[in-house]
Every structure is written in structure tokens, then in C-alpha cells.
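As C-alpha cells, the structure follows; a few thoughts come after it.
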Amino acid sequence: MNKPVLVSENLSKTYQDGKNNVVVFEDINFVLNAAEAVAIVGSSGSGKTTMLNLLAGLDRASLGSVAIDGQDWQSLTDAKRSKLRNRTLGFVYQFHHLLPEFSALENVMMPMLIAGVENKHARTKANTLLKDVGLGERINHRPSQLSGGERQRVAIARALANDPVCVLMDEPTGNLDEGTSKEIQQLIIALKKEKNMAFLIVTHDEKMLSWMDRAYRLSDKTLVPMAV
């Protein structure tokens, strides 16, 4: 059995709205194993992105804990959280968040350079990753010179730069046409198999569930297992 790479226990998030406490979700218990692709679906405003931010250590839980690769986010300082996130996690946003002034190659190199990888090695690896996602001929193009699908593939290559144990994706195909969405799907399936990588995908698109290992619906402040 593949080992757990991301574990949440009794995870809860509450916001203060004036004098009122607003519960986004509570008592979330969840395990993501290596080489798994798992989806969390839910309507807009259900708390999917908030949950993803907690799992990624970008926000702090009100109650409960999240552990990535055996380390609890809550117990770490901000500096140690950043270092652990850079080493263990890849993150793909719906709107990619590429740096507009840099080329595709430079964008993919960035996480490696932050981690202290030598420039020459980072450049070689970024080149290979962009070829792997079908952008070998576009490495010197800036985001403004790329299509939406191409930008999203650069974002995926960037997420893979430091060989993460887990990749978190927030609506990764939300702005892509059907053909490009299919390409992203095939890429994730290949990476899962070849690199033993885990993927957690937050989406409203239930068509994606057909190729997931497991799926959950975030509804009424809790995660409910879904058939796939």
C-alpha cells in the first residue's frame, strides 16, 4: 500500500464576522496517499479553496491538524513552513499566477532557484519539464505570448520543479477547452504512475471524477465520499 503523504485530522476553519462565528467546515478527516489522484468537488462558496489553502499550509486551521510528508504544519514557524512547502508541494492555481516579466523557462526555474539549486541544473531540468508538458518549442515565450492552455501547462511544469510528494490543483482545467483538459488529464495520470506522485484536485467539474481514484463532495461543512 502506498504511504500517506497528506493527512488532516479533525480539521476545522471558522471566521469571525462581526460578533458571529462563521463555520466554513469542521472535523475534516482526510488521507491522500502516494500515487493517488483524489478530487474534492463542491459548489462555489462551499469552502474548497479555503480547504486547499489549509492543506497547503498557506493558512492556519482554527482546530485540528494537517501533516505533509509526516510533518505537522501547525507546529512550524512561517519560515519552516515556506521551506517545507517549497520542498514537498506543488501548487497549480486556476489562473496560473505566472510571473509576466519572465519566460516560461524562467518561471519553471524559479522554485528550484529558491530552493538553492544551481542555475545550470535548474535550467536543464526546467527545459526537460517543459518538453514533458509539450512546450519544448515555447520555452522562451513570456506568459502573454502563450495561450491559456499553454500557460496552465507551464504552471504544472513549475509545480513539478522540486519533485514534490504531492501536487495541489485548484480548478486546473476551469479555463481550458475540452481538448486541452484531456491533455492535462493524461499528463496527471502519467505523472502519478511514473513518479509515484499524489494529486489533490479541487474542482466543480464532475466530469473529472471518471479518472480519479477517489472523490469527495464538500457539502454542509463536511466531506462526503462520492462514487467514481
Side-chain angles (χ1 to χ4, degrees), residues 1-15 17 20-68 72-74 89-96 152 155-156 159 164-178 180-189 191-193 197-228:
M1 181 177 177
N2 287 320
K3 72 170 186 175
V5 297
L6 185 63
V7 179
S8 77
E9 294 183 348
N10 304 317
L11 188 67
S12 300
K13 184 64 179 180
T14 302
Y15 288 109
D17 183 15
N20 300 317
N21 288 328
V22 179
V23 178
V24 184
F25 47 75
E26 55 189 350
D27 295 327
I28 300 294
N29 293 286
F30 172 78
V31 177
L32 177 67
N33 297 306
E36 265 194 325
V38 176
I40 295 177
V41 302
S43 59
S44 178
S46 63
K48 302 188 305 297
T49 298
T50 298
M51 180 177 291
L52 205 60
N53 287 338
L54 289 176
L55 295 175
L58 296 169
D59 192 7
R60 292 187 181 270
S62 302
L63 292 171
S65 65
V66 177
I68 176 71
D72 184 355
W73 284 126
Q74 301 288 87
L89 282 181
F91 208 113
V92 180
Y93 301 89
Q94 180 178 2
F95 296 104
H96 58 74
Q152 194 66 308
I156 291 173
V165 297
C166 176
V167 177
L168 306 179
M169 299 180 138
D170 190 2
E171 300 283 5
T173 61
N175 298 300
L176 306 182
D177 59 55
E178 188 173 344
T180 305
S181 296
K182 188 73 173 178
E183 291 175 4
I184 298 301
Q185 169 192 329
Q186 292 169 344
L187 176 63
I188 292 170
I189 291 171
L191 289 166
K192 191 175 66 128
K193 181 179 179 180
M197 204 172 282
F199 289 84
L200 179 62
I201 300 171
V202 163
T203 183
H204 70 277
D205 183 5
E206 296 193 16
K207 290 182 293 185
M208 295 184 72
L209 304 189
S210 62
W211 54 275
M212 294 289 155
D213 296 299
R214 290 184 287 128
Y216 297 86
R217 183 181 298 281
L218 183 56
S219 178
D220 294 327
K221 302 180 178 62
T222 191
L223 279 183
V224 181
M226 300 177 65
V228 294

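If you're wondering where the values come from, they're calculated on a predicted model, not measured in any experiment.
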Name all residues meeting the salt bridge (charged side-chain N to carboxylate O under 4.0 Å, His left out) criterion together with D27; count only those two or more places apart in sequence or in a different chain, and write none if there are none. none
Restricting to side chain to side chain donor-acceptor pair (under 3.5 Å), what partner residues turn up for T49, sequence neighbours left out? D170
Taking ring-ring contact (aromatic ring centres under 6.0 Å, His included) as the cut-off, I'd like each qualifying pair that reaches into residues 35-65, sequence neighbours left out, listed once. none
N21 CG: over 12 foreign heavy atoms closer than 6.0 Å: yes
Applying salt bridge (charged side-chain N to carboxylate O under 4.0 Å, His left out) to K48 and not counting sequence neighbours gives none
Kindly write out the residues that satisfy salt bridge (charged side-chain N to carboxylate O under 4.0 Å, His left out) with D213, not counting sequence neighbours, or none if the list is empty. K192
Going by side-chain contact (heavy atoms from CB on, under 4.5 Å), name the residues that satisfy it together with S219, two or more places apart in sequence or in a different chain. R217
Has S62 got a side-chain atom pairing as donor or acceptor with T14's backbone, closer than 3.5 angstrom? yes
Sub-4.5 Å side-chain heavy-atom contact between L55 and L89: no
Return each pair, listed once, that meets salt bridge (charged side-chain N to carboxylate O under 4.0 Å, His left out) where at least one residue sits in residues 50-61; pairs must be two or more places apart or across chains. K13-D59, R60-D78
Those residues at least two apart in sequence (or on a different chain) that pass side-chain contact (heavy atoms from CB on, under 4.5 Å) with A215 are A39, L209, M226, V228
With Q186, which residues qualify under side-chain contact (heavy atoms from CB on, under 4.5 Å), at least two apart? K182
Please enumerate all residues that pass side-chain contact (heavy atoms from CB on, under 4.5 Å) together with L63, with sequence neighbours excluded. S12
Could you list the residues that satisfy side chain to side chain donor-acceptor pair (under 3.5 Å) with N53, not counting sequence neighbours? none
Side-chain touch F30/L11, heavy atoms, less than 4.5 angstrom: no
If you look at every heavy atom in V92 and A155, which pair is closest and at what distance? CG2-O, 4.0 Å
Quick one: which residue pairs count as a ring-ring contact (aromatic ring centres under 6.0 Å, His included) with a foot in residues 40-60, not counting sequence neighbours? none
Can you check whether L54 reaches W73 side chain to side chain, under 4.5 Å on heavy atoms? no
